[in-house]
Amino acid sequence: MQYWLVKTEPEAFSWQDMVAQKRAVWDGVRNYTARNNLKAMALNDIVLIYHSVTDKCVVGLGRVDALAYQDPTTDDERWVAVDIVPVTELPKPVTLAQIKAEPALADLPLIKQSRLSVMPISEDAFKLIVEMGKG
DNA sequence: GCCAACGTTGGC
DNA sequence: GCCAACGTTGGC
């Protein structure tokens with residue numbers, strides 16, 4: 001069991017869209033590091049969903065529902081997609097500012113490598129973010 | 001295989 | 001809307 005954090009621009013595809021569709025096809029990743037992380041996902045791994053740009057907060061929690069497969073948005077065999085289903089919404093979104101202010105989260109790739117869109121996170125970091133998101 | 005140019009992401 | 005960071009592309 002592994003924990004992940006994925007980013008999405010809410011203008012393009014939001015947590016709310018994902019809930020409405022009851023599923024998200026996580027495609028369009030065009031970065032090797034992020035792609036490798038997608039490939040490393042296992043069924044039922046837990047994924048934190050982060051809204052970048054306008055929101056800048058972790059909004060919900062999903063679950064990997066399909067292992068990496070050919071990205072349907074391209075014929076290029078280098079790129080893959082996974083399916084993620086929504087599990088729970090955080091009662092209180094955890095903002096980037098909160099994450100930055102938390103010393104235990106200081107070395108999250110989210111902060112250190114701000115352009116990476118799919119990243120692994122430790123169980124401790126995961127639990128802490130969920131705790132911070134409780135109502 | 002190196003490196004400069006370019007494009008994109010994402011925070012501010 | 002700007003700009004810094006950084007990944008990717010393409011010329012050599």
Side-chain angles (χ1 to χ4, degrees):
Chain A
M1 165 67 80
Q2 172 75 52
Y3 299 92
W4 306 92
L5 185 147
V6 298
K7 294 198 229 180
T8 181
E9 292 192 29
E11 273 70 31
F13 184 84
S14 70
W15 167 258
Q16 287 74 23
D17 294 334
M18 183 172 170
V19 170
Q21 296 173 207
K22 299 187 173 64
R23 164 173 297 268
V25 175
W26 220 264
D27 58 19
V29 170
R30 297 291 182 272
N31 168 285
Y32 287 106
T33 307
R35 190 275 313 263
N36 292 343
N37 288 332
L38 286 181
K39 284 190 171 179
M41 287 183 179
L43 285 179
N44 299 318
D45 275 1
I46 299 297
V47 182
L48 292 172
I49 311 295
Y50 173 82
H51 277 178
S52 64
V53 187
T54 48
D55 261 7
K56 283 172 290 183
C57 53
V58 178
V59 289
L61 202 147
R63 177 174 63 76
V64 176
D65 198 51
L67 295 176
Y69 55 93
Q70 170 66 41
D71 186 332
T73 64
T74 177
D75 289 333
D76 193 327
E77 293 175 358
R78 292 176 299 173
W79 307 118
V80 298
V82 299
D83 288 359
I84 299 175
V85 294
V87 177
T88 49
E89 186 166 332
L90 293 184
K92 266 193 327 188
V94 178
T95 65
L96 183 62
Q98 283 177 274
I99 290 171
K100 281 187 168 172
E102 177 53 65
L105 299 175
D107 54 358
L108 273 195
L110 182 69
I111 296 165
K112 296 195 103 176
Q113 220 183 326
S114 67
R115 294 186 52 192
L116 183 62
S117 61
V118 181
M119 67 196 78
I121 64 173
S122 69
E123 183 175 356
D124 288 346
F126 168 80
K127 285 181 174 169
L128 182 52
I129 292 171
V130 170
E131 189 62 36
M132 290 162 74
K134 282 188 178 165

Euclidean distance, atom CD of residue A:Glu9 to atom C1' of B:dG11 [Å, nearest integer]: 12 Å
Below 4.0 Å: OP1/OP2 of B:dG10 and any side-chain N or O of A:Lys7: yes
Interatomic distance where CG belongs to A:Leu116 and P belongs to C:dA5 [whole Å]: 17 Å
Atom-to-atom span, CZ of A:Phe13 to P of B:dG10 - whole angstrom: 16 Å
Any A:Gln113 side-chain nitrogen or oxygen under 4.0 Å from OP1 or OP2 of B:dG10: no
Close side-chain approach of A:Val80 to A:Lys39, heavy-atom, < 4.5 Å: yes
Ring centre gap for A:Trp79 and A:Tyr32 strictly below 6.0 Å: yes
Value in whole Å for how far the C1' atom of B:dT9 lies from NE2 of A:His51: 16 Å
Evaluation steps, side-chain contact (heavy atoms from CB on, under 4.5 Å), between A:Gln21 and A:Phe13: CA-CA 11 Å; A:Gln21 296 173 207; A:Phe13 184 84; 3.6 Å; yes
N/O donor-acceptor pair under 3.5 Å between A:His51 side chain and A:Trp15 backbone: yes
Any A:Tyr32 side-chain nitrogen or oxygen under 4.0 Å from OP1 or OP2 of C:dT9: no
Integer-rounded Å distance: B:dT9 P and A:Asn31 CG: 10 Å
d(NZ, A:Lys56; P, B:dT9) in whole Å: 17 Å
Side chain to side chain contact (heavy atoms under 4.5 Å, CB included), paired with A:Met132, selected from A:Leu90, A:Thr95, A:Leu105: A:Leu105
Contact under 4.0 Å: A:Lys100 side-chain N or O vs B:dC12 OP1/OP2: yes
No-H, no-angle donor-acceptor pair, A:Arg30 side chain to C:dT8 base, under 3.5 Å: no
Closest nucleotide among C:dT8, B:dC12, C:dC6 to the A:Arg115 side chain: C:dC6
Atom-to-atom span, CG of A:Asp76 to P of C:dT9 - whole angstrom: 9 Å
A:Asp55 CG to B:dT9 C1', straight-line distance once rounded to whole Å: 17 Å
